[in-house]
Every structure is written in structure tokens, then in C-alpha cells.
Amino acid sequence: MSFLLEKDLEYMQLALEQARLAPARGEVPIGAVLVLDGQVLAQVHNFREVWQDPTAHAEVVAIREAATRLGTWRLTGTILYVTVEPCSMCAGAIIQSRVSRLVFGARDPKAGACGSVFNLPDERRLNHRVEVIGGIMERESQELMQAFFKRLRDDVGERAGL
């Protein structure tokens, strides 16, 4: 296993740990970790429900935290690890903030904007390129999402008396 892949797995594991914290707060289990030169700048999960903010996806929260920490919106040289393929809003934020590399786990066939539904990082008309690697710890990421939504369906069924 290459050094790069070992580090990718290490940081993706941190993102999965964040994702596991999210359901206790009523959040979809998506975690993100943003790294620069081996230093973790942010490790977060979704906060849409807690903050009642439609933009509080894990990726956007991580980008905001890292930009604040670095004192710049330009996150050149950073790597963002996220458990689920970013949506179009998050992919746009990744491009606009100049993240250099994106590593994600599970594909999102309904809203993924990094290859599944759209492929914003590969859009040649945009002025920034993001290297994208998908499928890292994909099974673990998918299982978290599936278990979360199964619990939601079961809870709804119980409340409806089914």
C-alpha cells in the first residue's frame, strides 16, 4: 500500500468518526476532514438540522473552519476528505475555495456532483482544477448512510403503527 493511500485511509477514518457523531444530533451521517501538509485544519459533520442552515453541509463547514484558521479563503494545497460524494453546492464551494484534492467515500447517485449526476470538478470552463478520488472506504460510508435512513424509516413506521 502506498504512503499516499495509507494517509488517505487515515484521514477518511477521521471523517467516518465525524459521520458517526452526526445521527445523535439528528444529522445525516456525513463527515469531512480538511488537511494541509499533514495538519488537520477541520474535522466536522453536517450541521443543517442543528443550525437550521441549508448550507451547513460537512464540506462547507470544513471549508469555513479551515479558511478562518488559515486567514484566507484560498485553500490551495489542501485535501478534503468526505464520506459521501459532494453535491453541486459543495462541489462549487470546493472549486471556489481552491481545494487541491478531494477524496470521498460513497457515491451519491441522486445528488453527487463529482461524477455521479454532475461532474463539476471536471468542468473545463471553470478556472480551478480539483483532483478527485472516489470510493475510498466506500463500503463503510454507504453502510452508515443506509443504517441511518433505515432507522428513520423504521421510526416513521413505528409512529404510524406499522
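Just so you know, these numbers use all the heavy atoms, side chains as well, and skip hydrogens, waters and symmetry mates. Here the structure is a predicted model, which means the values were calculated and not measured.
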Value for CG (Leu120) from CE (Met89), rounded to nearest 0.5 Å, stands at 12.5 Å
Sub-3.5 Å donor-acceptor pair from the side chain of Gln43 to the main-chain atoms of Gln18, do we have one? no
Kindly say whether Cys90 contributes a backbone atom to a donor-acceptor pair with the side chain of Glu59 at under 3.5 angstrom? no
Whether Asp108 side chain and Lys110 backbone form a donor-acceptor pair below 3.5 Å: yes
Between CG of Asp122 and CZ of Phe118, what distance do you get to the nearest 0.5 Å? 14.5 Å
Any heavy-atom pair between the side chains of Val99 and Ile79 that's under 4.5 Å? no
Nearest heavy-atom neighbours spanning Trp73 and Ala67: CA-CB, 4.2 Å
If you define the side chain from C-beta out and look only at heavy atoms, does anything of Arg101 sit under 4.5 Å from Ile133? yes
Side chain to side chain contact (heavy atoms under 4.5 Å, CB included) between Arg64 and Thr55: does it pass, once the steps are laid out? CA-CA 11 Å; Arg64 287 176 181 157; Thr55 69; 3.0 Å; yes
Does Asn46 reach the main-chain N or O of Ala58 with its side chain, forming a donor-acceptor pair under 3.5 Å? yes
Is the shortest side-chain heavy-atom distance between Leu14 and Tyr81 below 4.5 Å? no
Is Arg20 reaching over with its side chain to a backbone N or O of Ala15, donor-acceptor style, under 3.5 angstrom? no
Could you check Arg25 against Glu27 for salt bridge (Lys or Arg N to Asp or Glu O under 4.0 Å), going step by step and ending with a plain yes or no? CA-CA 5 Å; Arg25 302 181 97 174; Glu27 297 289 350; over 6 Å; no
Would you call Leu80 and Phe104 a side-chain contact if the rule is heavy atoms closer than 4.5 Å? no
Please report the shortest heavy-atom distance between Val132 and Pro121, naming the atom on each side. CG2-CB, 3.6 Å
Are Val130 and Val84 joined in one hydrophobic group, where the rule is that I, L, V, M, F, W and Y side chains link up if heavy atoms are under 4.5 Å apart? yes
Rounded to the nearest 0.5 angstrom, the CD1-CG distance for Ile63 and Leu41 is 11.5 Å
Are Phe149 and Val28 packed together at the side-chain level, in the sense that at least one heavy-atom pair is separated by less than 4.5 angstrom? yes
Looking at Arg129 and Leu126, would you say the former's side chain and the latter's main chain have a donor-acceptor pair under 3.5 Å? yes
Say whether Arg98 and Thr72, considering side chains only, have a donor N or O and an acceptor N or O under 3.5 Å apart. no
Backbone of Gly26 reached by a side-chain donor or acceptor of Glu49 within 3.5 Å: no
Are Leu144 and Val103 joined in one hydrophobic group, where the rule is that I, L, V, M, F, W and Y side chains link up if heavy atoms are under 4.5 Å apart? yes
Pair Met145-Gln142, side chain to side chain contact (heavy atoms under 4.5 Å, CB included): steps then yes or no: CA-CA 5 Å; Met145 294 291 283; Gln142 282 177 332; 5.8 Å; no
Under 4.5 Å between side-chain heavy atoms, counting indirect links through other Ile/Leu/Val/Met/Phe/Trp/Tyr residues: same cluster for Val44 and Val50 or not? yes
If I take atom CD1 from residue Ile30 and atom CZ from residue Phe47, how far apart are they, to the nearest 0.5 angstrom? 13.0 Å
For residues Leu34 and Glu65, determine if any side-chain heavy atom of one lies less than 4.5 Å from a side-chain heavy atom of the other. no
Mind checking the CZ-OG spacing from Arg74 to Ser97? Nearest 0.5 Å is all I need. 11.5 Å
Looking at every non-hydrogen atom in both residues, tell me the closest pair between Gly105 and Ser141 and how far apart they are. CA-OG, 3.9 Å
Scanning both residues in full, the closest heavy-atom pair of Ala42 with Ala66 reads CB-N, 4.4 Å
Could you walk me through whether Arg139 and Glu143 satisfy the salt bridge (Lys or Arg N to Asp or Glu O under 4.0 Å) test, starting with their C-alpha distance in whole Å, then the side-chain angles of each, then the deciding distance to 0.1 Å, before giving a yes or no? CA-CA 6 Å; Arg139 183 182 48 78; Glu143 287 173 357; 3.3 Å; yes
Would you say the side-chain atoms of Arg151 pair up with the backbone N or O of Pro23, donor to acceptor, closer than 3.5 Å? no
What heavy-atom pair brings Ala62 and Ala32 nearest, and what distance separates the two atoms? CB-CB, 4.2 Å
State, with a plain yes or no, whether a side-chain heavy atom of His45 is found less than 4.5 Å away from one of Pro29. no
Shared ILVMFWY cluster between Met137 and Val35, side chains joined below 4.5 angstrom? yes
Would you check if the side chain of Thr83 reaches a backbone N or O of Gly31 as a donor-acceptor pair within less than 3.5 Å? yes
Gap between atom CD of Gln96 and atom CG of Leu75 - 0.5 Å precision: 11.5 Å
Indicate the atoms forming the closest heavy-atom contact of His128 with Ile95, along with that distance. CD2-O, 3.5 Å
Could you check whether any side-chain heavy atom of Ser100 comes within less than 4.5 Å of a side-chain heavy atom of Thr78, counting everything from C-beta outward? no
